[in-house]
Every structure is written in C-alpha cells, then in structure tokens.
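What follows is a set of notes on a single structure, which appears directly below.
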Amino acid sequence: MNERQFFLDYSRCIGCQSCVQACGECDTHRGTSMIHLETIERMDSVQTAPQICMHCEDPICARVCPADAIKKTPDGVVQSSLKPRCIACSNCVLSCPFGVPKYMAEFEQMMKCDMCYDRSSVGKKPMCATVCPSGALTYTTMEEIQRTRRGIPINSWNFGGEQVKTKVHVMVPREVERVKVDLIQISPTPAALAIDPYDVALMLEVL
Amino acid sequence: MAKLPSSIPDLVHDFGPTLHTIPSGGWTRNPQDEKLVKTHCCFCGQQCGIQLRVNNNKVVGFEPWESFPFNKGKLCPKGVKRYMQDEHPDRLKTPMQRVEGRGFEPLGWESAMERVAGEIRRIQGQYGRDAFAMLTGASLTNEKAYLMGKFARVALQTANIDYNGRLCMVSAGAASKKIFGIDRSANPWSDIPKAKVILVAGANVAECAPITTDYLWQARENGAKLVVIDPRLTPIARNADLFIPVRSGGDIGIFNGMMHIMIERGWVDREFIAQHTTGFEAMEEAVRKYTPEYSAKIAGVPAEMIVKAAELWGPASSSFLLHARGIEHHSKGVDNCMAAINLVVASGRIGREGCGYAMITGQGNGQGAREQGQKCDQLPGSRDIANPEHRNYIAGVWGVPEESIPGKGLSAVPLIEAIHEGKIKGLISLCFNPAVSLPDGNYVREALSKLEFFVNIDFFLSETGRYADIVLPGSLMEEDEGTTTNVEGRVILHRKAVTPPGEAREDWKIICDLAARLGKQEKFNYTSPKQIFEEMRVASKGGTSDYYGMSWERIDKEDGIFWPCPEPGHPGTPRLYEGGKFGHADGKAHLMPVEWRPSAEMPDEEYPIILTTGRVVSQFLSGTQTRRIGALLNQYPQALCEIHPRLAEKLGISEGDCVKVESRRGSIVVRAQVVKTIRPDTVFVPYHWPHDRSANNCTIRAIDPISNIPEFKICAVRVSKTEEPTDELAVLGMEAGGIR
C-alpha cells in the first residue's frame with residue numbers, strides 16, 4: 001500500500017500542457033515529449049485528456065513485437081523499444097489500445113512514456129506527475145489517493161471483449177468497476193448525442 | 001526623439017523575438033556538475049517554488065521543488081520552460097544607443113549613463129521636474145520596487161512614477177481597502193480546500209493561475225460546490241456546479257442580485273453584521289431593486305442562474321470568494337469587486353478556517369510591488385503619499401525634508417496621455433511593455449514616439465524598448481536576489497542563480513549608479529539587495545503592509561512569512577481578520593452600496609459585438625519573455641479570435657478564417673477559432689502579441705475613476721472575414737507578430 005503508483009484523473013485535466021512540456025525535461029527523454037494530451041473537440045468543449053503509457057501487466061505492444069524489442073522491467077514499467085532491435089514495423093503503434101507508442105523516425109525507434117524510469121526507479125516522481133497543476137496526473141500511494149479523492153482508482157479495462165489490466169490507475173465514479181470500451185459509431189448521429197453540454201448559447205436560452 | 005530608429009522587420013532581425021528551443025549545453029545534461037538553486041518562478045503571482053539547475057554560471061534546466069508548501073513541485077508550462085530565457089540569443093548584454101536608420105549600436109556604460117543623467121538634467125531644467133517620468137513594473141522584487149519609488153521621489157524628485165500593476169491589481173486593492181481596510185488576500189491558499197462553496201468570479205484559473213486549480217479540485221473532492229462566473233466556459237467552468245456565462249460588464253447584476261435574495265431569504269449573518277460591520281442599511285437599500293429579473297437583464301443571463309448562485313452561496317457553512325481581472329479590468333472595476341466582497345462580509349464568513357476571500361494576483365510581485373511605494377499615490381508600507389504623517393515618517397527614513405517628497409503623480413494611462421499631450425518629455429522605464437500592454441495601442445505608440453528622451457532598462461529589447469534613445473541591459477530574476485510577496489501575502493526569497501551576462505548589470509546597481517550621477521549618491525549607497533531590504537522593512541514599519549519583523553534568514557527558513565509581521569519573532573499573519581477585526585480605524589468592515597452602470601463603450605449598430613481580452617496558459621502578459629521561448633510559443637503560436645458558431649455563421653466565418661476585428665480605435669487581423677464555449681454576443685482575443693496582432697489596438701482607453709485600471713474586458717467591435725495579410729508585419733514570425 002505504501003508504494004507510490006500512477007493515477008490518472010481525466011476530469012481534473014485543464015489542458016495546460018505542463019505535462020507535455022515537462023516530459024521532455026526528464027534527463028533521459030532529452031527534449032522529446034512522450035506524453036499525449038488530447039483536445040477532445042475544441043469547438044464543442046474545453047475537455048482535454050492526458051495519456052501516459054498505462055503499463056499493461058501483459059503489454060500487447062510487446063506481445064506483437066516481431067523483434068522482441070519491447071521489454072518490461074521487473075517492477076512493471078514497459079520501456080521504449082530497444083533501438084538495436086526495433087525494425088520500425090509499428091505493430092506496437094497499431095496494437096496499443098490506448099494509442100500510446102509512436103514510431104519516431106528521427107530516432108529510428110518506437111518511443112513512449114517510460115514513467116521517467118530514471119526518476120521513478122530511484123524513488124522520484126515522474127516529471128509529468130510532479131508538475132501537473134491540476135492533479136490530473138498524480139503519483140502517490142493508494143492509501144493517499146483513497147483518502148483524498150471522491151472517485152475510486154481502477155485498472156481493469158475491457159476493450160470489446162479483450163481484458164486488460166494496467167499498472168496505471170484511472171479515477172472513476174464510485175459505481176464503476178472497470179472501464180468498458182466498445183466500438184462506437186465514429187460520427188455520432190444527433191440522436192446519439194446528449195444536448196450540447198458546453199454550448200454557452202444553449203445555456204443562455206434554457207429556462 | 002523616440003521614434004523607431006529603423007523598420008520593425010529590421011529591429012526584429014537584430015533583436016528578436018527569436019525562439020530559443022534548446023537549453024544551454026544541449027539536452028545531454030551532467031547532473032554531477034550542476035548545482036540546484038532553490039528559488040521561485042519569475043512569472044505570475046503564484047510564485048511557485050522551483051529549483052534551477054545551474055552549470056558553470058549557466059541555467060541549464062529545472063528540477064521541481066516538492067517541499068515548497070504553496071505549489072509542492074507543481075508548475076505550469078511557463079514555469080517548466082522559464083529557464084529557456086537564460087542564455088538566450090536575444091539577451092541584451094551591452095548598453096546601446098539609438099542610431100537613426102540603423103537601429104541600435106553598443107556604447108560603453110560610462111557614455112550611456114552620462115547621456116541619461118544629462119538628458120534628465122536637461123529635461124527637468126527646461127520643463128520642470130515632473131516632465132521626467134518613470135514607469136516600472138510589478139515583476140520587480142520588493143527591494144527593487146522600493147528602490148524605484150525612492151529613486152523617483154528622491155533622485156528624480158518627480159511626482160510621475162507609476163507601474164504596470166495599474167493594469168493588474170489596483171481595482172481589487174482599492175475595493176479591499178474600502179471594505180476591509182487592508183489590500184491583501186485575506187487567507188492563505190490552504191483555506192480554499194476547506195470551504196464548502198467557492199465562488200470564482202472573472203478568473204480563468206486554469207490558464208492564468210494554474211496552480212490554484214488543484215486547490216479548487218481538492219475542495220470539490222471534499223464536497224465543495226463550485227460557482228464560476230465568466231463570459232467564457234473556461235477549463236475550470238467545465239467542472240463547476242453552476243457556471244454563469246455573464247455578459248462582460250454585467251457582474252454587478254449577479255452580485256447585487258445574489259445579495260437581494262440573501263437578504264430576502266435571511267441568509268445574511270445579522271449578528272456579525274451588527275458587531276463587525278458598518279454600512280449595511282445603505283447596501284441593503286442599494287440592492288433592493290436588484291430582483292432576479294432586474295439583475296438578469298444587467299448580467300445578460302437567465303434569472304434562475306442568479307437565484308441558484310444565491311441558493312448555493314447564501315446558506316453555506318463555509319465559503320471562499322476568488323476574483324481576478326475578469327471583474328477588475330473595467331471602468332467600474334472597483335465597484336465590481338466591492339459588490340462581490342459585500343457577499344463575503346454579509347455572510348460573516350471571513351477570518352476563519354475555510355472562510356474567506358482572495359484576489360488572484362496577476363504579476364510575479366503583484367502584491368509586494370504595490371506596497372513598497374512605486375505607485376503614483378503611495379509611499380512604502382502601503383502608505384498614502386497625501387497623508388502628512390505618512391510623508392513625515394518616510395522623509396525620516398530617507399533622510400530628506402518632507403516637503404522635498406513630491407505629491408501624487410499621474411497613474412499609467414494619464415501618464416501616457418501627458419506624454420502624448422507634450423507635458424511629459426522624458427521617460428525612464430523598466431519591467432513594462434506599454435506598446436503591447438496598454439489599451440488603445442496606436443495611441444500609446446504615438447505617445448512613445450513623442451518623447452524627447454526615453455531610456456529603457458530591460459534584458460530583451462521589447463516592443464516598447466524599440467522606441468528608446470538609450471537601452472540599458474538589466475537583469476533577469478535569476479541573475480539577482482530579493483524578495484517577492486506572493487498571491488497569499490507570503491513574502492518569499494528569490495535566490496541568485498547566475499550573474500548577469502556580458503556587461504549587463506543588476507537593475508538596482510543601474511538605478512543606484514544613476515542616482516549618484518544625479519547627485520544623490522549618499523541616499524543610494526547600497527551594496528546589496530539585502531541592504532535595501534533592511535531599509536525597506538524599517539520604511540514599512542507601522543504601515544499596513546508591515547515587514548519590520550522579517551529577515552531574509554527567517555523568510556528562507558520558514559518558507560516565507562505572511563505580512564503583517566510587525567516585530568522580530570512575530571510569526572506573521574497568514575489569515576487576516578480573525579475574530580472579526582478589520583483593518584479600518586474602527587476595526588469594522590465597511591459594506592459598500594454599489595450601483596451598476598454601463599461600460600464606457602457598449603455595443604451598438606456600428607460596432608455590435610463585445611470584445612473581451614485575456615491570457616492563454618503558455619504566454620505571460622505582453623510576451624516579452626514568453627514569445628522568445630520556442631516550446632511556449634509553439635503551444636499557442638498566434639492570437640486567435642474565439643467566436644461562437646452562431647455568430648460565426650451569421651458573419652460567414654469558418655474555423656481558421658482570417659478575421660478583422662475592428663473598433664473605433666484600431667484593428668487586428670487574426671484567425672478565427674470557432675467555439676461553443678463563449679457567449680454568442682462576445683469575441684475573445686488574447687493580448688500577448690504585438691503590432692497588427694495586438695488586441696490592445698482595439699481596446700478602449702477608459703479607466704476606473706478610483707483605481708485607474710483600464711477597461712480591457714469590454715469594448716465594442718465589428719468582426720468580418722478578410723484575406724490573409726501579406727504585408728511586412730504579417731510575414732514576420734508569429735513570435736514577432738506575424739500571422740500564419
């Protein structure tokens with residue numbers, strides 16, 4: 001319980017990109033940021049979401065790598081590809097359910113979040129989770145997170161039937177047990193959408 | 001002769017802004033050769049603790065400072081990348097003089113300083129002392145702010161000194177003083193998560209005070225309700241229990257409307273009001289007509305929203321009000337703040353744990369820099385320059401006759417107007433970029449070009465510095481030491497990480513040198529900022545912002561000290577007004593009746609749209625520093641015009657189109673960003689960029705009668721689709737005001 005872990009809380013994210021800027025500042029990242037900050041749909045809302053590597057217990061990226069270039073450390077951190085082995089096939093890029101690995105042509109290898117292994121392996125927090133001003137990215141103990149947050153941390157996912165367990169937890173409302181991700185229609189029809197919740201014009205019309 | 005010496009593209013070519021993208025020494029770092037310097041961010045009023053990595057007198061990176069209590073290692077992107085202003089290719093390293101047709105050329109310190117002193121003597125001799133003015137800034141340390149005020153009054157003996165806090169904290173400060181008797185946030189930030197309801201008025205916390213976000217979210221984890229008032233749905237508004245998309249300038253409708261309901265439903269604390277306040281009856285009378293329906297018309301929102309706000313705030317057991325420039329940047333900024341603060345006082349929820357109020361200070365030393373006497377109406381210790389007792393005390397500290405201290409001078413906007421009208425002929429400025437940051441930019445730049453002599457102290461050549469006759473290379477925060485006072489009123493210590501490069505000098509040394517050349521050496525004989533602090537704390541003794549009991553050693557050891565700290569050994573005062581004791585002579589809070597009035601310029605048929613301005617998270621103020629940092633510029637490279645799809649459709653504008661935003665005073669051409677998160681009667685443009693991308697070309701030179709803050713948050717414009725410009729300014733890099 002006292003070991004520090006990574007917790008993601010998308011609802012807290014304010015899109016400031018501190019994480020993106022700080023990621024490259026980790027000594028081993030050398031100016032290359034490996035965290036993704038997604039702006040969901042700027043026209044409709046200000047919702048943003050940071051995405052670090054979830055560090056799967058059984059990482060799909062490593063399983064599909066034909067060159068066996070992706071390794072997990074004994075403490076469960078999935079690393080970027082080993083450069084001498086990486087053949088740039090991008091299987092990992094395509095297979096990851098979280099969209100994390102990116103093939104970086106400039107460096108001729110797949111690079112991704114390694115939880116700032118040079119820092120986290122010696123008891124320091126990863127850069128992004130240290131600087132994040134909103135607490136969307138937090139590196140702390142399970143005990144602390146349970147004491148200070150209303151939501152609960154979960155690390156079980158269901159991707160269209162595929163069960164995935166991750167080292168990183170996400171904060172969800174209390175009633176949720178696992179995050180279920182099914183295929184959805186990419187362009188939702190108006191009927192599939194709730195009323196635009198962040199449209200200021202509608203707010204002024206209502207009532 | 002302060003006209004631009006050569007074309008803007010030529011000046012940009014020579015002095016930037018240039019984007020700095022790779023740290024000194026490259027990305028391969030050698031931690032074993034580095035030292036870590038614990039200091040604070042140079043940018044906003046949050047003043048986050050940060051450790052700078054220093055190798056061989058160069059700042060090469062940063063390391064979070066997790067044990068500093070305010071931010072606990074957290075940083076916004078500006079804090080993360082601030083170190084990239086060190087070792088910057090644009091850094092000014094020698095004094096320079098204006099050369100017509102060629103720009104600026106180096107000259108030695110001796111010649112530069114002699115020329116400056118000579119011009120000061122000439123202008124003051126010819127036109128009178130007040131014809132030479134000084135403009136300073138709220139990013140200066142307390143020591144420097146104190147020195148600037150003393151230099152103006154003792155060495156220049158001009159009444160005309162003001163600072164860019166005039167664009168920032170003066171409405172909040174004036175309102176606080178009127179109601180509470182003290183100009184400071186009332187509570188430490190640690191009270192925020194303990195409040196059960198939080199009202200955030202006109203504060204884009206996520207972008208302008210990002211570290212405060214975690215305090216708000218922590219309050220919500222503890223069950224607090226969050227109410228956000230803003231014309232734009234900002235990132236914190238997304239999680240609000242109630243978001244009120246107020247029409248800019250309509251805030252009093254919400255505050256007075258809430259008060260009306262609170263009184264009606266018995267949600268005011270009659271006992272507290274009777275014991276600890278004055279003015280309730282007049283205030284009650286003023287809000288009588290502010291029924292929800294009447295208030296709603298003023299605020300431009302459904303009446304139900306105001307009722308709901310009152311229902312959340314009124315009966316709460318604990319509460320916290322946070323406000324910022326959104327309600328303060330108005331020609332009724334002080335009234336807006338007073339109407340908001342009335343809600344705190346009438347509820348009786350102040351001066352206790354989890355109960356209080358704070359203004360979110362904008363600039364780095366926005367709090368301290370307004371206390372040490374560089375405001376046109378103030379002497380150190382937040383003393384009043386018109387008060388004979390106050391003048392006598394400071395005259396004693398300075399060792400000058402009381403009558404030699406000038407009276408109240410002009411505040412920033414009237415000071416620029418006096419330059420434009422030819423009444424002020426000479427100017428010394430530092431830490432201020434009015435060519436970008438003041439309203440009615442075309443007028444401001446015209447004024448600058450009318451100066452007979454202008455000397456600018458800065459580390460980069462800002463858009464304002466280009467108008468200078470002499471440019472003196474000053475110091476970055478990390479090249480000097482001194483204290484600042486953060487958003488909470490906590491006095492903290494900035495440590496020197498490196499020495500100024502080349503021939504650049506610490507700002508205080510430049511000012512002391514100049515004072516000596518003006519014959520006042522014995523009054524400016526300082527050998528260190530610490531020595532200035534020692535005099536400053538004596539100057540503040542007995543004043544409202546009393547630092548007398550502080551020492552640099554204690555500030556360092558105790559992670560900062562909150563003023564007032566009147567005696568050595570005094571623990572400082574994190575929370576003001578405990579036990580209902582307020583700052584006025586009668587010990588009471590003075591409730592103030594507030595009546596709404598229209599903004600200086602309301603939309604009409606000719607200019608039918610409201611323009612409001614503000615900031616983005618990756619840029620800071622006029623961009624002098626942050627437009628030179630590659631990573632920050634790339635995050636949000638150019639000013640965009642936020643426009644609601646309904647308005648955009650009406651005007652035939654699509655996402656990414658070039659649009660002309662035009663007021664009676666000037667115009668800009670920027671790209672449109674079509675978003676549903678803004679009122680359909682309002683457009684928003686951030687103000688960090690210069691020239692034809694400067695939102696302040698459009699804003700209005702109207703000021704609050706009490707605080708003299710400009711009305712940045714509302715003016716009338718028309719917006720139309722236009723072709724992409726291809727002139728010489730448009731093709732500059734975006735950091736220099738170009739458009740892509």
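Computed from heavy atoms alone, side chains included, the values below leave out hydrogens, waters and symmetry copies. Quick caveat: nothing in here was measured; it's all calculated off a predicted structure. Below, chains carry the letters A, B, ... as their sequence lines are ordered, and counting in each starts from 1.
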- Message: To check you understand the geometry: which heavy-atom pair defines the closest contact between Ala299(B) and Ile254(B), and what is its length?
- Response: CB-CG1, 3.7 Å
- Message: Between Gln625(B) and Arg82(B), do the side chains contain a donor N or O and an acceptor N or O under 3.5 Å apart?
- Response: no
- Expected output: side-chain Gln218(B) to main-chain Thr148(A) donor-acceptor under 3.5 Å: yes
- Item | Heavy-atom proximity to chain A below 4.5 Å, by part of Leu632(B) | both
- With a 4.5 angstrom heavy-atom cut-off, which part of Arg29(B) approaches chain A: side chain, backbone, both or neither? side chain
- Asn486(B) (side chain) donor-acceptor with Gln47(B) (main chain) under 3.5 angstrom: no
- In sequence, state the C-alpha distance, the side-chain angles, and the governing distance for His29(A) and Trp27(B), and then conclude on ring-ring contact (aromatic ring centres under 6.0 Å, His included). CA-CA 9 Å; His29(A) 296 176; Trp27(B) 288 109; over 10 Å; no
- Note on the structure: When the 4.5 angstrom heavy-atom criterion is applied to Thr234(B) and chain A, the contacting part is backbone
- Message: I'd like to verify something: which residue of Thr28(A), Thr48(A), Val200(A) has the highest number of heavy-atom pairs under 4.5 Å with chain B?
- Response: Val200(A)
- Segment of Phe62(B) engaging chain A (4.5 angstrom heavy-atom cut-off): both
- What residue, out of Thr212(B), Val80(B), Val205(B), Thr21(B), has the most heavy-atom pairs lying under 4.5 Å from chain A? Val80(B)
- Message: Whether the side chain of Glu66(B) engages the backbone of Gly73(B) through a donor-acceptor N/O pair (distance < 3.5 Å, no angle test) should be reported.
- Response: no
- Message: Does the plane of the ring in Trp65(B) sit parallel, tilted or perpendicular to the ring in His40(B)? Use 30° and 60° as the thresholds.
- Response: tilted
- Message: Shorter than 4.5 Å, heavy atoms on both sides: which option in Glu207(B), Lys72(B), Gln673(B), Arg220(B) has the most such pairs with chain A?
- Response: Arg220(B)
- Report yes or no: does Asp230(B) contribute a side-chain atom to a donor-acceptor pair with the main-chain N or O of Arg232(B) at less than 3.5 Å? yes
- Item | Check: His644(B)/Asp199(A) side-chain N/O donor and acceptor closer than 3.5 Å | yes
- Quick one: which residues of residues 109-137 of chain A reach chain B at under 4.5 angstrom, heavy atoms only? Arg119(A), Lys124(A), Lys125(A), Met127(A), Thr130(A), Val131(A), Cys132(A), Pro133(A), Ser134(A), Gly135(A)
- Query: Which answer fits Arg247(B), side chain, backbone, both or neither, if we ask what part of it has an atom under 4.5 Å from a heavy atom of chain A?
  - Reply: neither
- Task: Could you tell me which portion of Gln47(A) (side chain, backbone, both or neither) has an atom closer than 4.5 angstrom to a non-hydrogen atom of chain B?
- Result: both
- Heavy-atom pairs under 4.5 Å with chain A, option from Asp681(B), Ile678(B), Asn239(B) with the top count: Ile678(B)
- Item | Short side-chain to backbone donor-acceptor contact, Gln79(A) and Lys71(A), under 3.5 Å | no
- Query: Any ion pair linking Glu205(A) and Arg646(B) (charged N to carboxylate O, less than 4.0 Å)?
  - Reply: yes
- chain A contact via Val675(B) - side chain, backbone, both or neither, heavy atoms under 4.5 Å: both
- Query: If only atom types and distance count, is the side chain of His20(B) paired as donor or acceptor with the main-chain N or O of Ile22(B) below 3.5 Å?
  - Reply: yes
- May I ask you to say whether Glu311(B) pairs ionically with Lys225(B), meaning some side-chain N is under 4.0 Å from a carboxylate O? no
- Query: Hey, what's the ring geometry for Phe98(A) with Phe159(A), parallel, tilted or perpendicular (30° and 60° as the breaks)?
  - Reply: perpendicular
- Within a strict 4.5 Å, meaning less than it, do heavy atoms of the Met305(B) and Pro245(B) side chains meet? yes
- Under a 4.5 Å heavy-atom cut-off, does chain A meet the side chain of Pro23(B), its backbone, both or neither? neither
- Applying a criterion of heavy atom separation less than 4.5 Å, what residues of residues 8-27 of chain A form contacts with chain B? Asp9(A), Tyr10(A), Ser11(A), Arg12(A), Cys13(A), Ile14(A), Cys16(A), Gln17(A), Ser18(A), Gln21(A), Ala22(A), Gly24(A), Glu25(A), Asp27(A)
- Quick one: what part of Arg238(B) sits under 4.5 Å from any heavy atom of chain A, side chain, backbone, both or neither? both
- Query: Short question: side chain of Gln51(B), backbone of Pro64(B) - any donor-acceptor pair under 3.5 Å?
  - Reply: yes
